[in-house]
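Report on the structure given below.
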Amino acid sequence: MCGWTSCHLPKEVLARACAYRDRQGHQRLPEWRDPDRYCPSYNKSPRSNSPDTDSSEQIIAPMRWGLVPYWFKEADLSNDTIMEKRSFKVPLVKGRRCVVLADGFYEWYPEDWEKVWDNWRPLIAGIFDCWEPPEGGDCLYSYSIITVDSCKVMTDIHNRMPAILDGEETVSKWLDFGEVSAQEALKLIHPTENIAFHPVSSMVNRSWNNAPECLLPLHLLTRKELKASASSQKMLQWLATKSPKKEEPKTPQKAESDVPQWSSHASLLERWLKRGQEEEPAAKRPHTQ
DNA sequence: CCAGACGTTGTT
DNA sequence: GTCTGG
DNA sequence: CCAGACGTTGTT
DNA sequence: GTCTGG
């Protein structure tokens, strides 16, 4: 599966970005469960905690990436081979559908590729489960990202892509396990051409590199005129010494809004970056409506 | 019936 | 090569 | 997904 | 827990 994402927005901004309409059509903010465990990052790998939402009264909760089925016996969760399918079906039937919040996702590819985008969605369909450790203690929530065949524009990069939920209504239906059956919900899952991507630096290969530059298009990163913040400076320095071998595409961020402009995206990123430099080093919201 | 696996990946 | 950590 | 380690040591 | 293979 796609092994890497970014989800960097501050808690409050993220919550606002997840505003939704309830069944009565009222605008609502999701409830944060366990917000202190949310850990924003530009560079999230499997087994990290990401926020997901679930249920028809939407909530946001941190969950472990990599599904641990509720029947799992071992106390040791260290390996990555905790599988799915059978594990996958049961939670699905139980209506344990969630949405994985992400700015986008990273994908590796072997050769040079020059591509441009489309727009992008941060909301990925997921399945979650709840596992109680045999020795007792808190229930562990974990999830798996649903993937689908790649859309056309991505096929040269990878044959699979995350199931991106395209639009507010799709998201609501996916989460509404009360009204929408598993079968119906699965119909919402399909490849979308509605994404944007660009090459990023190999800085993102190292999961401890966590800076906004992870998301940046390579051509912006290498521009000298960018005065970087303290944390960014290190990253750029690192880049200078270890020049990237591979390039990686990435669907960049943006947090809310329905239909981002296809052409404004690069400039949006650029503006956001500059603004971020003048103020706080990381975690600046990219854009508001 | 029990035993054993349980994965949409991974690689160009 | 293979496993673990992130 | 990639990066990095790879260790019951050794010494009566 | 639940499905598949034997």
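All values below were derived from every heavy atom in this structure, side-chain atoms included, with hydrogens, water molecules and symmetry-related copies excluded. In what follows, every chain begins at residue 1, and chains take the letters A, B, ... in the order their sequences are listed.
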May I have the distance from [X] (atom [atom1]) to [N] (atom [atom2]), rounded to whole angstrom?
| X | N | atom1 | atom2 | value |
| --- | --- | --- | --- | --- |
| A:Met203 | D:dA3 | CE | P | 14 Å |
| A:Asn205 | D:dG4 | CG | C1' | 13 Å |
| A:Glu107 | B:dT11 | CD | P | 11 Å |

[X]: what forms a side-chain contact (heavy atoms from CB on, under 4.5 Å) with it, not counting sequence neighbours?
| X | answer |
| --- | --- |
| A:Tyr70 | A:Val90, A:Lys94, A:Asp129 |
| A:Asp34 | A:Arg37, A:Pro62 |
| A:Ser172 | A:Gln58 |
| A:Ser181 | A:Gln183, A:Glu184 |

May I ask whether A:Phe88 stacks on the base of B:dC6, given the cut-offs of 5.5 Å between ring centres and 30° between planes?
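Here A:Phe88 fails the 5.5 Å or the 30° condition.
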Watson-Crick or G-U stems involving DNA chain D, each at least 3 pairs long, distances under 3.5 Å, ordered by first number:
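Paired runs of 3+ in DNA chain D: C:1-6 with D:1-6.
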Residue pairs fulfilling disulfide bond (SG atoms under 2.5 Å apart) with at least one residue in residues 139-198 of chain A, sequence neighbours excluded:
A:Cys130-A:Cys139
Closest to side chain of A:Trp71, choosing from B:dC6, D:dG4, D:dC2:
B:dC6
Going by the rule side chain to side chain donor-acceptor pair (under 3.5 Å), which residues pair with A:Ser41 if we only count those two or more places apart in sequence or in a different chain?
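By the side chain to side chain donor-acceptor pair (under 3.5 Å) rule, A:Ser41 matches no residue at all.
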Answer with base, sugar-phosphate or nothing: what part of the nucleic acid does A:Ser48 contact at a heavy-atom distance below 4.0 Å?
nothing
All salt bridge (Lys or Arg N to Asp or Glu O under 4.0 Å) counterparts of A:Arg21, not counting sequence neighbours:
none
Between which nucleotides of DNA chain E, read 5' to 3', does contact with chain A run, using atoms under 4.0 Å from its heavy atoms?
E:dG1 to E:dT4
Charged N to carboxylate O under 4.0 angstrom, A:Arg23 versus A:Asp176?
yes
